[in-house]
Amino acid sequence: MNIDWQNLGFGYMKTDYRFVSNFKDGKWDEGKMTTDDKVVINESAGVLQYAQTCFEGMKAYRTIDNRVVCFRPDLNASRMADSCRRLEMPVFPENRFIEAVKQVVEKNIDYVPPYGSGASLYLRPYMFGSNPVLGVKPATEFEFRIFASPVGPYFKGGAKPIILRVPDFDRAAPLGTGHVKAGLNYAMSLHAIVDAHNQGYNENMYLDSATRTKIEETGGANIIFVTKDNKVVTPKSPTILPSITRRSLMVVAEKYLGLKTEEREIHIEELKDFKECALCGTAAVLSPVGKVADHGKVIEFPSGMEKPGEITQKLYDTLTGIQMGKIEPPEGWIYEIKPSAVSV
Ligand SMILES: *Cc1c(COP(=O)(O)O)cnc(C)c1O
């Protein structure tokens, strides 16, 4: 494989095989692996008109002992099932989801970057309404696909602290779709992120849209904070997307680092009381936050703008150590695709 693993960015690269299954007449077909990267659908397909689509994001890694593994794919499968139910789409059975992930990684095994490169094979399961819809109603035919793309570390040259701002936009309505991985959540966040970048900020830190007083998450990552007495705290809200990385980090904090953890409502006024802050998600694992700008007021975390805070760094090292096979994982976290893959 002629890929410069060290210099991979976080972007799409076409690989050899992807999985496709279609839902028609009330049932999923048996599905297949294909080399065809084109999706052909009717001009009035449900996804094109009314954005009936959801997705997942996960990674396959090469471990220190050259196994190829996935991290907690069962949680991606069940979260996608939740997204489908909320969006009136048929669930792709969770056991078949995991089996399809395995096939896609196996068929593209040479695209799994070597251990130590910092790169990984990103997997993108997604589903969309595929038959023509014009009156507003759910589609009746759907396509489920998983493609793979090798990606470099989300932040090149290590994790430099970033700057967030509290935007004048909302991400999720109180009883809306904030808790599911719907494409529509991202479509409406694009203007806010472009605007944030234009103003010199890296990401938006959204508040709850009902009261605009409580911290929720960014457009595509959950948030954790560290208190001055080393407690790891994360916002609790029914409109936050339940990040698998965040849920795993809370376990790592408690079980591996012996820290207290708390999932609770966090008021914007509390920002100044924390000593560390970081974003978490599959793409970057953890990205340290140095500052938050809130309408002319700037909150600087004591961890500063030079490097991640001490607890953030420990959490990062432990979780990535588990993923890379350097640290004994909790039961069921590591799903082995290939015991000892052919080296690249
Ligand atoms: C996908 C996503 C996350 C991160 O979830 P992980 O399972 O950790 O990758 C966080 N917030 C939003 C809005 C997301 O869509």
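In listed order, ligands and their atoms are each counted from 1.
- Taking any N or O of Gly281, backbone or side chain, none lies under 3.5 Å from an N or O belonging to ligand 1.
- The proximity of Met58 to ligand 1, defined as any non-hydrogen pair under 4.0 Å, does not occur for either the backbone or the side chain.
- Heavy atoms of Arg171 come nearer than 4.0 angstrom to ligand 1 in at least one pair.
- The contact set between ligand 1 and Asn222, taken as ligand atoms under 4.0 Å from a residue heavy atom, comprises 10 (C), 11 (N).
- Atoms of ligand 1 found under 4.0 Å from any heavy atom of Ala221, numbered from 1 in the order shown, are 10 (C), 11 (N).
- The single protein non-hydrogen atom nearest to atom 15 (O) of ligand 1 is Tyr186 OH, 2.5 Å, given as residue, atom name and distance.
- Heavy-atom proximity to Arg79, at under 4.0 Å, picks out these atoms of ligand 1: 5 (O), 6 (P), 7 (O).
- Nearest to atom 10 (C) of ligand 1 by heavy atom, out of Ala284, Cys54, Gly220, is Gly220.
- For Lys27, the NZ atom is loosely surrounded, since the number of other residues' heavy atoms within 6.0 Å does not exceed 12.
- Glu56 has no carboxylate O lying under 4.0 Å from a charged side-chain N of Arg124, or vice versa, which leaves the two without a salt bridge.
- Expressed to the nearest 0.5 Å, how far OH of Tyr50 lies from CG of Leu134 amounts to 5.0 Å.
- By the criterion of a heavy-atom distance under 4.0 Å, both the backbone and the side chain of Ser243 are placed next to ligand 1.
- With Glu336 as reference, Arg67 is the one residue of Arg67, Lys102, Arg62 to meet the salt bridge (charged side-chain N to carboxylate O under 4.0 Å, His left out) rule.
- Here the protein heavy atom with the shortest distance to atom 2 (C) of ligand 1 is Lys181 NZ, 2.6 Å.
- For Lys272 and Glu300, the salt-bridge test fails: no basic side-chain N is under 4.0 Å from an acidic carboxylate O.
- Ion pairing between Asp317 and Lys314 fails under the 4.0 Å rule for side-chain N and carboxylate O.
- For the pair Gly178 and ligand 1, no heavy-atom separation below 4.0 Å is found.
- Nearest heavy atoms, Ala148 versus Thr15: O-OG1, 2.8 Å.
- Considering both main-chain and side-chain atoms, Glu217 comes within under 3.5 Å of ligand 1 through a nitrogen or oxygen pair.
- Each of Tyr12, Phe19, Tyr111, Phe55 was evaluated against Phe147; a single residue qualifies, Tyr12, per the ring-ring contact (aromatic ring centres under 6.0 Å, His included) test.
- Geometrically, ligand 1 and Thr218 share no nitrogen or oxygen pair separated by less than 3.5 Å.
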